[in-house]
Number of protein chains: 2
Amino acid sequence: MQKPFQINRAYKEVQQITVAVDCLIFGFNEGKLELLLVRRGFEPERDRFSLIGGFVHNEEGLDEAAHRVLSELTGLEDVYMEQVRTFGKANRDPYERVLSVTYSALVLKENYNDELVNSYKAEWFPIDNLPELIFDHKDMIESAMRRLRRRIKTGPVGFNLLPEKFTLPQLQKLYEAILGEEIDKRNFRKKLHAMDFLIRLEEKDKSESKKGAFLYRFDEDKYNGVKNFSI
Amino acid sequence: MQKPFQINRAYKEVQQITVAVDCLIFGFNEGKLELLLVRRGFEPERDRFSLIGGFVHNEEGLDEAAHRVLSELTGLEDVYMEQVRTFGKANRDPYERVLSVTYSALVLKENYNDELVNSYKAEWFPIDNLPELIFDHKDMIESAMRRLRRRIKTGPVGFNLLPEKFTLPQLQKLYEAILGEEIDKRNFRKKLHAMDFLIRLEEKDKSESKKGAFLYRFDEDKYNGVKNFSI
DNA sequence: TTCAATAGTGTGAAATATACACTTATGAAT
DNA sequence: ATTCATAAGTGTATATTTCACACTATTGAA
């Protein structure tokens with residue numbers, strides 16, 4: 001019989017593993033959900049695309065590491081991120097063992113530091129037209145997409161992908177892009193109106209139509225009074 | 001400006017971290033949802049309770065590690081497990097840095113190897129009356145419970161906690177124990193009947209009542225024809 | 001024969017989700 | 001100035017789902 005596992009717990013000579021965070025950086029632009037990828041500039045797998053990632057340092061937590069990696073690439077500091085899941089097959093990276101904890105980030109394209117993004121050879125791709133990716137990064141994206149679809153239906157996370165002021169047609173296009181299906185305009189607005197956490201401003205965005213669409217703002221306080229968010 | 005992160009990717013001298021899996025082993029017994037915990041037999045934190053865990057070996061994947069840890073403790077081999085989430089605050093274990101990937105396991109108490117469980121000083125606790133736990137294990141349990149509540153409403157995972165043949169009153173008690181709320185008997189049965197993936201056997205369990213309750217069996221094939229599982 | 005205890009069953013009301021079409025405002029073109 | 005094209009905005013009826021609710025059936029034990 002093996003030793004009780006608790007004793008192993010105290011072993012100092014236990015195997016250690018390289019741990020990375022890989023970030024799924026989502027943006028929304030011109031009605032499309034996009035993902036930020038980098039092209040590998042070195043062998044192996046040179047020129048293939050991958051998620052933005054980096055290693056976890058010894059003194060930093062996972063969330064910190066994810067924020068650091070994102071901020072190093074985009075210059076963004078206060079970004080909405082959540083952990084998605086951890087990929088840990090022994091040979092997922094065939095060159096060396098790396099455990100990867102994935103994080104999903106929702107960023108506002110207008111806030112990026114373009115220069116920084118360019119310097120890292122990062123590119124945005126529409127979610128429905130991604131290039132081939134290294135390792136298990138495709139699985140990571142699927143996993144993150146499933147989660148994102150669930151999250152936007154049950155909570156107000158989608159607003160992180162829109163500017164402070166946005167129109168209802170914009171918001172609906174965002175939901176359609178993420179869910180991958182068309183939504184009825186009247187039903188969509190009916191739900192939003194019922195929850196009553198958006199504030200209509202006396203301002204219109206005329207960039208998409210001659211009539212112009214009213215701009216709205218997400219109101220945190222009013223949202224806190226909402227019991228069952230559902231779209 | 002820092003170096004492009006991709007170059008870091010190729011570094012071999014990157015920090016490595018000790019990685020553990022911690023298993024949330026759920027069982028269902030006498031109408032109660034229970035969790036299997038072990039009492040630490042060594043300092044520090046001697047005599048406090050913790051989840052069952054173990055370190056990830058270099059040549060094994062996370063899922064494998066979780067199954068191995070579970071099987072070493074309980075002798076069970078084919079157990080339903082899913083990854084929950086990864087806890088990675090730098091100081092979550094104040095004695096040494098350990099990253100922990102949590103797994104939720106649904107086991108059938110009658111299948112355990114009692115001797116093995118006893119030899120490890122493991123104990124079952126009802127989920128609503130847990131002892132104090134080390135480190136962030138309480139957070140892990142909350143996280144796993146949230147997930148379990150969601151999963152049993154949207155999929156047939158609960159059956160893993162019941163024997164092959166079970167009664168509807170048993171099944172309902174299981175749902176009530178996990179969800180922490182009472183369910184209307186008629187509405188509960190109505191949903192199950194509508195989905196039509198349970199097979200009623202010509203056999204009754206009279207251990208709970210004089211009248212006896214019919215035994216049912218979960219039918220995998222019939223379940224595959226169900227589009228929207230919902231309880 | 002009665003009693004106690006759990007198993008089993010159906011209906012109506014309320015809430016939620018879905019389907020669906022026309023009017024409004026405005027800038028651009030004539 | 002009138003017309004036209006384009007997207008914004010609005011309400012109602014139906015179907016579906018969820019929820020609330022109470023009595024009968026079966027049986028072993030007393």
Side-chain angles (χ1 to χ4, degrees), chain A residues 28 30-32 149-150 152-155 162-163 165-177 179-217 226-231, chain B residues 28 30-32 149-150 152-155 162-163 165-177 179-217 226-231:
Chain A
F28 182 64
E30 296 177 7
K32 289 255 177 193
R149 289 197 188 102
R150 180 158 48 81
I152 61 157
K153 284 200 218 174
T154 55
L162 294 175
K165 299 173 182 180
F166 53 87
T167 67
L168 295 187
Q170 256 184 302
L171 183 62
Q172 184 176 341
K173 279 191 198 98
L174 172 64
Y175 272 80
E176 289 174 336
L179 298 175
E181 61 189 24
E182 296 209 336
I183 298 172
D184 181 272
K185 186 165 47 161
R186 284 163 291 185
N187 294 337
F188 181 73
R189 286 164 181 245
K190 204 188 310 174
K191 285 187 183 177
L192 287 168
H193 191 254
M195 289 188 285
D196 189 36
F197 57 72
L198 294 184
I199 292 176
R200 194 177 92 171
L201 309 174
E202 290 310 313
E203 216 180 327
K204 282 189 166 188
D205 169 17
K206 296 209 168 186
S207 66
E208 298 290 318
S209 73
K210 293 158 185 171
K211 183 177 179 180
F214 277 106
L215 287 164
Y216 286 77
R217 186 168 66 69
V226 174
K227 56 250 140 276
N228 293 318
F229 183 105
S230 170
I231 285 181
Chain B
F28 182 64
E30 296 178 7
K32 290 255 178 193
R149 288 196 187 102
R150 181 158 47 80
I152 61 157
K153 285 200 220 175
T154 56
L162 293 176
K165 299 173 182 180
F166 53 86
T167 67
L168 295 186
Q170 254 185 303
L171 183 62
Q172 183 176 341
K173 280 192 198 98
L174 172 63
Y175 272 80
E176 289 174 335
L179 298 175
E181 61 189 24
E182 296 209 336
I183 299 172
D184 181 272
K185 186 168 43 162
R186 286 162 290 186
N187 294 336
F188 182 73
R189 286 165 181 245
K190 204 187 312 172
K191 285 186 183 176
L192 287 168
H193 191 255
M195 289 187 286
D196 189 36
F197 57 71
L198 294 183
I199 292 176
R200 194 178 91 172
L201 308 175
E202 289 311 314
E203 217 180 326
K204 282 188 166 187
D205 169 18
K206 296 206 167 186
S207 66
E208 297 290 318
S209 73
K210 293 158 185 173
K211 182 176 178 180
F214 277 106
L215 287 164
Y216 286 77
R217 186 168 66 69
V226 173
K227 55 250 143 278
N228 294 318
F229 184 105
S230 170
I231 284 182

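Per chain, numbering begins at 1; letters A, B, ... match sequence-line order. Just so it is clear, the structure is predicted and the values come from calculations on it, not from any experiment.
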Open item on the list: If I compare all heavy atoms of Phe229(B) with all of Ile152(B), which pair ends up nearest, and what's the gap?
Closed with: CE2-O, 3.5 Å
Task: 5'-most by nearest nucleotide on DNA chain D - Tyr216(A) or Ser230(B) - done: Tyr216(A)
Task: Rounded to 10 degrees, the angle between the two terminal axes of the helix from dT1(C)-dA30(D) to dT30(C)-dA1(D), each from five pairs - done: 10°
TODO: Might you point out which heavy atoms bring Met195(B) and Asn228(B) nearest each other, and give the distance in Å?
DONE: SD-O, 4.1 Å
Open item on the list: Without decimals, in angstroms, what is the distance between Arg189(A) CZ and dT24(C) P?
Closed with: 16 Å
Task: Nearest-angstrom distance from the residue atom CD of Gln172(B) to C1' of dT6(C) - done: 12 Å
Task: Spacing between His193(A) atom NE2 and dT10(D) atom P, to the nearest angstrom - done: 8 Å
TODO: Find the distance Lys191(B):NZ to dT9(C):C1' and express it as a whole number of Å.
DONE: 18 Å
- [ ] Can you run down the side-chain hydrogen bond (donor to acceptor under 3.5 Å, both in side chains) pairs that involve residues 207-216 of chain A, sequence neighbours left out, and say none if there aren't any?
- [x] Asp205(A)-Ser207(A)
Open item on the list: Return a single string for nucleotides 21-30 of chain D, one symbol per nucleotide in 5' to 3' order, where B is base contact, S is sugar-phosphate-only contact and - is none, cutoff 4.0 angstrom on heavy atoms.
Closed with: BB--BBBB--
Task: Atom pair distance, as rounded to whole Å: CG in Leu192(A) and C1' in dA8(D) - done: 15 Å
Open item on the list: Testing the basics here: between Leu168(A) and Phe188(A), what is the closest heavy-atom pair and its distance to 0.1 Å?
Closed with: O-CE2, 4.2 Å
Task: Whole angstrom value for the distance that separates P of dA20(D) from CD1 of Ile183(B) - done: 13 Å
TODO: Determine whether more than 12 heavy atoms belonging to other residues, nucleotides or ligands lie under 6.0 Å from atom CD of Glu181(B).
DONE: yes
Open item on the list: Nearest whole Å is fine: how far is dA17(C) P from Asn228(A) CG?
Closed with: 10 Å
Task: Partners meeting ring-ring contact (aromatic ring centres under 6.0 Å, His included) with Phe214(B) (sequence neighbours left out) - done: none
Open item on the list: Give me each pair satisfying side-chain hydrogen bond (donor to acceptor under 3.5 Å, both in side chains) with a member in residues 190-202 of chain A, each pair once, sequence neighbours excluded.
Closed with: Asn187(A)-Lys190(A)
Task: Whole-Å distance separating the CD atom of Glu181(A) from the P atom of dA19(C) - done: 11 Å
Open item on the list: Testing the basics here: between Ala177(A) and Gly31(A), what is the closest heavy-atom pair and its distance to 0.1 Å?
Closed with: CB-O, 3.9 Å
- [ ] Kindly write out the residues that satisfy side-chain contact (heavy atoms from CB on, under 4.5 Å) with Arg149(B), not counting sequence neighbours, or none if the list is empty.
- [x] Met145(B), Ile178(B), Leu179(B)
